[in-house]
Every structure is written in structure tokens, then in C-alpha cells.
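Beneath this line is the structure, given in C-alpha cells, with notes to follow.
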Protein chains: 2
Amino acid sequence: MNTAVDRSLLKSAFPFPGCNAAGALLPEVPADLERCTTVARYRQHQTIYFEGDSADAICQVVEGCVMLYKLLPDGRRQVVELLGQGDVFGFARGEERDCSAETLTDVRVRFIDRRSAERSCSFQRILARRMLIQFEAMHEHAVLLGRKSAMERVASFLLRLAPDTDQPVISLPMTRQEIADYLGLTIETVSRSFSELKRRGLIVLEKQDRVRITRFNAIEDLATAC
Amino acid sequence: MNTAVDRSLLKSAFPFPGCNAAGALLPEVPADLERCTTVARYRQHQTIYFEGDSADAICQVVEGCVMLYKLLPDGRRQVVELLGQGDVFGFARGEERDCSAETLTDVRVRFIDRRSAERSCSFQRILARRMLIQFEAMHEHAVLLGRKSAMERVASFLLRLAPDTDQPVISLPMTRQEIADYLGLTIETVSRSFSELKRRGLIVLEKQDRVRITRFNAIEDLATAC
DNA sequence: CGTCGATTTGACCTATCTCAATGAGAGTGG
DNA sequence: CCACTCTCATTGAGATAGGTCAAATCGACG
């Protein structure tokens with residue numbers, strides 16, 4: 001099933017559902033862990049686990065998009081990671097999950113028993129390599145949250161989802177509320193930013209959840225170094 | 001030199017210089033990597049590397065505090081991680097460092113050759129475990145940047161640095177500018193928040209870089225779930 | 001066609017930023 | 001020991017990006 005190991009080098013921490021679809025590549029799990037592994041299916045907008053749940057299994061996205069978020073006591077929510085094919089999540093320092101995990105699309109998730117995973121050398125290697133990718137994505141996200149304007153955040157977000165210049169149509173797997181919670185904005189500000197981009201002719205909203213980037217360079221300029 | 005392995009479980013991603021000083025514990029490197037390892041010293045406010053430098057060695061803080069930051073083209077800066085004893089940094093997805101590393105205090109850094117590290121199973125294990133800790137810190141940081149008010153950010157920051165209720169005096173290893181760049185605020189807002197806390201009697205500024213928390217609970221309330 | 005949830009738009013408000021001035025502390029040299 | 005200077009921090013006054021609240025519009029679905 002898992003032929004090549006370098007699959008772990010695929011770009012990722014990249015939440016767009018179709019982004020890797022072309023190759024339909026399966027993420028890698030070393031043979032010695034195959035038997036400690038389950039794959040489960042989830043529908044869109046289902047919760048995989050909640051913050052505080054006991055963390056006995058490590059998870060990997062086989063297919064689809066997942067978001068990790070944290071809640072403040074008064075209900076404010078921050079999406080802390082967007083995950084796509086191959087990304088790992090659900091490992092924890094202590095015994096509890098430090099944030100909640102919810103699906104953005106229909107998803108297949110592989111669960112790997114935590115103790116077995118800790119024993120498997122090859123899995124540790126894959127895990128560490130994966131985490132690098134997610135580290136960089138989180139650094140970028142911190143810059144976005146700490147230092148970018150609303151417009152810059154939305155533009156950066158679009159670029160993050162735009163597969164390529166020659167693939168300028170994005171199917172947003174997220175509601176405005178989820179986008180807002182990822183970008184540290186309100187739903188109204190996200191909406192106004194989209195409208196402004198539309199007014200300036202940089203994007204076309206083909207459907208509510210379908211964006212065509214018409215002037216890629218202009219979006220790049222707005223994003224201030226994605 | 002490295003007797004116990006569980007040292008890697010010590011709390012960390014915790015930037016306060018004196019936080020682990022009591023035990024004077026050295027972070028762990030497996031024996032098989034000892035010879036691929038160098039330890040270097042840096043003075044306060046020295047750059048270890050810049051974003052874009054080639055990433056040929058992984059780094060670990062042996063002693064002191066380090067910050068990782070990214071710059072936007074127009075000079076805006078975001079500090080993306082604060083690191084203390086035992087924390088690892090400088091690994092990269094590609095060939096280049098994704099952010100810059102600068103010392104906050106006098107620092108000792110251990111460099112581990114990247115290729116050797118990738119081959120060492122025990123190091124991968126330590127690395128993965130360390131990264132978990134830093135992951136959680138970064139999630140917390142994203143919540144702070146995306147969803148907390150200025151006051152909440154400053155209160156959370158103080159709690160992060162306060163070793164304990166019975167150790168209420170904090171020596172800030174950072175300038176106001178560095179704090180502002182970590183919290184996603186301006187220097188003025190940080191300063192005003194400190195003044196407000198002082199006015200309300202929750203802290204005393206014994207020196208510019210020395211804060212005594214006088215009403216711990218009140219700070220905790222302000223921080224909104226640290 | 002009617003209903004319901006999600007999105008967009010408008011009007012207003014406020015937390016934080018910006019710009020500018022003042023103050024405090026550390027180091028230097030007379 | 002006392003100016004002098006330099007950097008960093010504080011404070012004030014005014015501007016503004018983005019938040020809040022409320023209303024209008026859209027789109028999917030029965």
C-alpha cells in the first residue's frame with residue numbers, strides 16, 4: 001500500500017481539499033505500525049475530539065480537511081491550524097488534547113495508538129518531518145494574526161488556498177464564520193473584505209463558496225509576502 | 001553527562017531565563033549524536049541566524065532565552081516563538097530557515113548536524129517530543145494573537161513568565177518593543193497596559209525590567225484562561 | 001412559494017494605533 | 001560629582017481600522 005517513503009515531503013499543512021487530489025497519494029505509515037492503526041470516516045462539520053478529551057491516539061488526515069480550534073470561556077473561538085492530506089494532529093504533551101478537532105469536509109482519519117507510535121522509530125521520523133511543515137505554517141499564521149490588516153489576512157488566505165496561478169478557482173471548504181475564526185476577524189469584516197476585492201475586480205464570487213481569482217498579482221501585492 | 005532521558009518532559013517552550021535554573025538541568029542529546037554536536041555561546045541581543053540562511057544544523061537552547069521572529073517587507077515584525085532551556089529550533093522544511101533567531105539573554109546553543117540528526121532514531125524521538133510542547137505553546141499564542149484584547153495579552157504574558165504564585169517577581173528578558181512584537185501590539189499599548197495594571201495595584205514595576213505580581217488572581221482573571 | 005440559516009450591507013462606536021512630546025536610567029567624559 | 005547624551009519607556013491627543021448591532025438580501029430546500 002505504502003510504496004514510497006518520501007511522500008512525507010509533499011507540501012501540506014495545506015487545507016484545500018482538492019490540492020493533492022490529482023495524484024490521489026495516500027499518506028505514509030510504516031509497515032510496523034500498520035496493525036496499530038484504524039481509519040475512520042467523518043462527514044463534514046463533525047467533531048473528531050474536544051479539547052480536554054484524553055489523548056490516546058495520534059491522528060493523520062488521509063483525505064479531506066480538518067481544523068483545530070480553541071475556545072475561550074466566553075465563547076470566542078480561534079482556529080489554530082488548518083490541516084489537509086497527510087498532516088498529523090492530536091498528539092499532546094500531557095494526557096489531554098489541547099484543542100478541539102472538527103472536519104471541514106468529509107474526511108478519512110487514520111488513528112495510530114500513541115504508545116505504539118512512540119515506540120516506532122520510523123513513525124517518529126515521519127512525525128518529526130510532518131511537524132516541520134506545520135511549524136512553518138503556524139509561524140506564518142502568527143505573522144498574519146499579529147501583524148496583518150484585515151485585507152492582508154484575507155488576501156493571504158486566498159493565496160494559501162489557491163493551488164496555482166493557472167488554477168485560480170477556489171472552493172472554500174469553510175463558512176464565513178470559520179474563515180473569520182481562522183483569520184482572527186469577525187464574520188462581517190471577512191465579508192466586507194471579499195466584497196471590496198470583488199468591487200476592485202480582483203476576484204469573482206462564482207458562488208458563495210467558490211472564488212475565482214482574476215488578478216493574481218494584485219492579490220499577491222495585497223497579501224504582503226505570503 | 002546525560003543520565004536521565006525523561007528530561008525531555010520538563011516543561012518548556014517557557015522563555016523565562018531562571019525558570020529551570022534551580023535544577024540546572026542540561027537538556028538531553030543521545031550519546032550517538034554527541035560527536036556531531038557543537039555548543040556555542042552568544043551574548044544578549046545577538047542574531048543566531050537570519051530568515052533565508054541555509055539550514056544545515058538543528059539548534060537546541062542549552063541555557064538562556066531565544067526568540068524567533070519574521071519580518072514583513074515594510075519592517076513590521078512578529079515574534080513567533082519564545083524559547084527557553086531545552087527547546088529546539090532551526091529545523092526547516094526546505095533548505096532555508098523560515099525565520100530569524102535572536103538571543104534575549106546570554107545563551108548557550110547546541111548545534112546538531114541536520115543529516116546526522118535525521119539518521120538518529122533517539123534524537124528524532126526527543127525532537128518529536130519537544131515539538132509537542134512547542135506546538136501547544138504556539139496554539140496558545142495563536143489564540144492570544146487572534147482573539148485577546150491588549151489587556152488580556154499582557155496579563156497572559158505575565159502569567160506565562162511568572163514561575164509560580166509563590167515566585168511573583170519576573171525579570172523581563174525583553175524590551176517593550178520585543179514584548180509588543182510578541183504580543184502583536186505596539187510598544188505604546190504595552191506600556192499603557194503595564195501602567196494600567198500598576199494603577200489598579202495588580203503589579204509593581206520594581207525596575208523597568210522587573211515586575212512583581214501583587215494580585216495573582218486578578219491577573220489570572222484578566223488573562224481569560226491562560 | 002415560504003422558511004431558515006448564512007451572508008451582506010449600513011451606521012455607529014471604541015480599542016488600539018499613530019504621531020509627538022516628555023521622562024527616566026545608564027554610561028561617558030570633563 | 002555633575003552635566004550630557006543616548007536609548008528606552010511613558011504619556012497625551014487625535015485618527016482609524018475593525019468591532020458591534022441591526023436590517024436587508026440571498027440561496028438552499030421542502
Side-chain angles (χ1 to χ4, degrees), chain A residues 44-45 72 74-78 102 104 144-158 170-200 202-211 222-224, chain B residues 43-45 72 74-79 102 104-105 144-158 170-200 203-211 222-224:
Chain A
Q44 195 170 28
H45 298 304
L72 292 177
D74 62 359
R76 280 175 287 175
R77 180 173 74 161
Q78 178 64 47
E102 195 177 308
L104 292 171
L144 179 146
L145 292 174
R147 290 301 181 207
K148 290 192 178 179
S149 72
M151 204 50 153
E152 289 171 331
R153 294 182 201 199
V154 171
S156 305
F157 176 70
L158 288 176
I170 303 165
S171 310
L172 296 177
M174 305 164 76
T175 66
R176 292 286 183 277
Q177 185 62 64
E178 288 160 347
I179 297 174
D181 287 343
Y182 178 63
L183 298 180
L185 299 170
T186 60
I187 195 172
E188 293 94 335
T189 302
V190 171
S191 184
R192 276 186 254 270
S193 303
F194 275 117
S195 301
E196 176 66 19
L197 290 175
K198 213 164 50 182
R199 205 170 308 127
R200 293 198 214 163
L202 308 200
I203 62 170
V204 177
L205 276 177
E206 309 197 328
K207 273 178 51 193
Q208 255 178 16
D209 60 349
R210 198 169 187 80
V211 182
L222 279 178
T224 317
Chain B
R43 307 220 130 272
Q44 193 171 29
H45 298 305
L72 292 176
D74 62 0
R76 280 175 286 177
R77 181 174 73 161
Q78 180 64 47
V79 174
E102 195 176 308
L104 292 171
T105 61
L144 179 146
L145 292 174
R147 288 303 179 205
K148 290 192 179 179
S149 72
M151 204 50 153
E152 291 170 330
R153 294 184 201 199
V154 171
S156 305
F157 177 69
L158 288 176
I170 303 163
S171 308
L172 297 176
M174 306 164 77
T175 66
R176 292 288 184 276
Q177 185 63 63
E178 288 159 347
I179 296 173
D181 287 343
Y182 177 64
L183 298 180
L185 299 170
T186 59
I187 194 173
E188 293 94 334
T189 301
V190 170
S191 185
R192 277 186 252 271
S193 303
F194 274 115
S195 300
E196 176 66 18
L197 291 175
K198 214 164 50 181
R199 205 170 307 124
R200 294 199 215 161
I203 62 169
V204 177
L205 276 176
E206 309 197 329
K207 273 178 55 190
Q208 255 178 13
D209 59 349
R210 198 168 188 81
V211 182
L222 279 178
T224 316

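Letters A, B, ... are given to chains in the order of the sequence lines, protein chains preceding strands, and every chain is numbered from 1.
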Exercise. So, does A/R153 use its side chain to make a donor-acceptor pair with the main chain of A/R147 at under 3.5 Å?
Worked result: no

Problem set entry | Sugar-phosphate or base contact per nucleotide [nucleotides 14-21 of chain D; S, B, -; heavy atom under 4.0 Å] | ----SSBB

Problem set entry | Qualifying residues under side-chain contact (heavy atoms from CB on, under 4.5 Å), relative to A/I187, sequence neighbours excluded | A/R176, A/Q177

Exercise. What is the nucleic acid contact for B/S191, judged by heavy atoms within less than 4.0 Å: base, sugar-phosphate only, or nothing?
Worked result: base

Seminar exercise, completed: Residues at least two apart in sequence or cross-chain that pass side chain to side chain donor-acceptor pair (under 3.5 Å) with A/E152, listed by chain then number, are A/S149, A/T224, B/R76

Exercise. Taking only residues two or more places apart in sequence or in another chain, which ones pass side-chain contact (heavy atoms from CB on, under 4.5 Å) with B/E188?
Worked result: B/T186, B/R192

For this session: Summarise protein proximity over nucleotides 23-29 of chain D in one line of letters, 5' to 3': B for base, S for sugar-phosphate only, - for none, counting protein heavy atoms closer than 4.0 Å.
Result: -------

For this session: Identify the heavy atoms of B/G184 and B/L145 that sit nearest to each other, and give their distance.
Result: N-CD2, 3.8 Å

Exercise. Among all residues two or more places apart in sequence or in another chain, which pass the side chain to side chain donor-acceptor pair (under 3.5 Å) test with A/Q208?
Worked result: none

For this session: Determine the minimum heavy-atom distance between A/D181 and A/Q78, stating which atoms define it.
Result: O-NE2, 2.9 Å

Problem set entry | Helix axis bend for the helix from C/dC1-D/dG30 to C/dG30-D/dC1 - C1'-based end axes, five pairs, 10° rounding | 30°

Problem set entry | Residues which pass side-chain contact (heavy atoms from CB on, under 4.5 Å) with B/E196, listed by chain and number, not counting sequence neighbours | B/M151, B/R199, B/R200

Exercise. With A/Q44, which residues qualify under side-chain contact (heavy atoms from CB on, under 4.5 Å), at least two apart?
Worked result: A/D106

